[in-house]
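One structure is given here, and the rest of the page talks about it.
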Amino acid sequence: MLAGKAYMERHNQVAGIVYRKFCTKYGLEVPGSRWETPPKVVENKQAKILWDFQIQTDKMMVTNQPDIVMVDKHQKTVVVIDVAIPSDSNIRKKEHEKLEKYQGLKEEIERMWGMKATVVLVVIGTLGAVTPNLSKWLQQIPGTTSEISVQKSAVLGTAKILRRTLRLPGVCQIITKSGDGYQFRSGTTISHLLYMDDIKLYAKNEHDIDSLIHLTRIYNKDIGMAFRLDKCGRMISRRGKVFATDGVELPERNITDVQHSYKYLGIPQTNGNHEDATRRSATVKNLQRLRQVLKCQLNGKNKIQAINTYALPEETTSLREYIKKMALTDQLLSE
């Protein structure tokens, strides 16, 4: 994943708007630049603000590190704020997920700190789409935070990522010119796959794959992008067997070896043919979409149009054919 740092920058820019509003309202020191990472803890007699701080709780909590926690010492209140910038089509789902995830932390804070806690979500689509709930969320944040300011920050961050991503095809030319890659018996050589900001490299041996990794890292550093190292991995396979090594040493951090399998564009990648598993996964996803459409309150014409555009896979051209195929295993469709 080549643009991981840029995604985090966009996220922090949106969260930073809320953070600076807090600092201004409570008389705390405001970061000098919007690019400056706020300190973990700032505090005065009136309030305390935690930035990306892991909260210690008595119970085991999976989600205990929200983006911002604001404690009003006079009002005895706590505001837990989390920012998310998913795709525009996913904002409602992400808002619901975040709200459920932080309910446990909210209850623990109220029990341990003896203060009333509120969970506030700032969920904005990559292109600025928001839910009707955003204005209600922002009204619960002390200070004045406008929808337009956070939307603008998210859209500008997306534009920055897009500009950088459009420069990525240059790395394809450099990798191809290097001459490294895996050659099939037919004589065809493959060295990489690139989709948006996700790249997959191929080479015939460990030395060549390490060379390609370093080459890609240098190019992306030159255009202002960086590896998302926690999303990167390397697999060494010889004659169908995966071999463990010490990984690839980079100045930032090592890229560790993948021992069993990994995902590229959400599809499992490993030795062997996993066509059946992939087909089952795709079938489940399409059935979920079809059920959602069938349960909605659209009229017949719009429901069929929604099924054709949203629920059916590209390779299926007939609704009747698709339902007939799936009805054998799905009770809802068989009815």
Side-chain angles (χ1 to χ4, degrees), residues 1 3 7 10-11 14 63 82-103 119-140 147-148 150-155 157-159 161-162 165 193 195-198 263-269 273-335:
M1 196 170 179
Y7 290 129
R10 179 180 62 184
H11 171 276
V14 175
T63 309
D82 200 71
V83 176
I85 308 177
S87 62
D88 284 9
S89 60
N90 203 31
I91 52 176
R92 290 183 181 275
K93 180 182 177 182
K94 181 61 68 174
E95 191 174 72
H96 181 70
E97 288 177 357
K98 291 279 187 181
L99 192 60
E100 284 190 343
K101 284 170 63 177
Y102 280 103
Q103 285 307 306
V119 176
V120 174
L121 304 177
V122 181
V123 180
I124 306 164
T126 53
L127 299 178
V130 297
T131 67
N133 297 327
L134 181 62
S135 58
K136 299 176 185 177
W137 295 123
L138 294 179
Q139 288 173 7
Q140 299 180 52
E147 283 189 45
I148 295 177
V150 290
Q151 284 177 290
K152 179 180 177 182
S153 181
V155 171
T158 301
I161 293 172
L162 184 58
T165 304
L193 295 175
Y195 179 80
M196 295 299 289
D197 66 329
D198 292 306
K263 285 188 176 183
Y264 178 69
L265 304 180
I267 301 173
Q269 310 283 312
N273 188 348
H274 293 266
E275 183 180 345
D276 291 339
T278 303
R279 186 185 294 111
R280 284 195 299 270
S281 175
T283 300
V284 169
K285 185 174 293 185
N286 283 308
L287 285 174
Q288 288 175 347
R289 292 181 177 182
L290 188 54
R291 289 193 195 98
Q292 290 173 357
V293 174
L294 292 175
K295 290 178 181 179
C296 69
Q297 300 300 317
L298 294 173
N299 60 36
K301 177 182 177 182
N302 290 333
K303 188 171 287 189
I304 294 298
Q305 185 176 1
I307 290 173
N308 287 332
T309 57
Y310 175 67
L312 293 184
E314 294 180 0
E315 64 271 12
T316 305
T317 58
S318 168
L319 172 61
R320 183 177 298 175
E321 177 188 348
Y322 184 72
I323 293 179
K324 186 177 180 181
K325 187 196 309 182
M326 294 298 128
L328 299 175
T329 57
D330 191 270
Q331 184 178 0
L332 177 64
L333 298 182
S334 61
E335 295 174 355

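Throughout, numbering of the chain's residues begins at 1 and tracks the sequence.
Between Leu134 and Val122, the closest side-chain pair of non-hydrogen atoms falls below 4.5 Å. Val123 places none of its side-chain heavy atoms less than 4.5 Å from the side chain of Thr131.
Partners of Thr126 by side chain to side chain donor-acceptor pair (under 3.5 Å), not counting sequence neighbours: none found. Taking the salt bridge (charged side-chain N to carboxylate O under 4.0 Å, His left out) definition, one finds that Glu147 meets it with nothing, sequence neighbours left out. A search for side chain to side chain donor-acceptor pair (under 3.5 Å) contacts involving Lys94 returns nothing, not counting sequence neighbours.
Taking each heavy atom of Gly128 and Gln151 in turn, the nearest pair found is O-NE2, 2.7 Å. Between Trp137 and Leu99, the shortest heavy-atom contact is CH2-CD1, 3.8 Å. In this structure, Ala154 and Gly125 approach most closely via the heavy-atom pair CB-O, 4.2 Å. The minimum heavy-atom distance linking Glu95 with Asn133 is given by the pair OE1-ND2, 2.8 Å. Between Tyr102 and Asp82, the shortest heavy-atom distance links the atoms OH-OD1, 2.8 Å.
From Glu100, atom CD reaches atom OG1 of Thr63 across 11.0 Å, with rounding to the nearest 0.5 Å. The distance from the NZ atom of Lys136 to the CD atom of Gln139 is 9.0 Å, given to the nearest 0.5 Å. Within the model, atoms CG of Leu121 and CD1 of Ile91 stand 12.5 Å from one another, a figure rounded to the nearest 0.5 Å.
Enclosure of atom NZ in Lys93 is not indicated, since only 12 or fewer non-hydrogen atoms of other residues, nucleotides or ligands lie within 6.0 angstrom.
A donor-acceptor pair is defined here as one N or O able to donate and one able to accept, closer than 3.5 Å; no such pair exists between the side chain of His11 and the backbone of Ile85.
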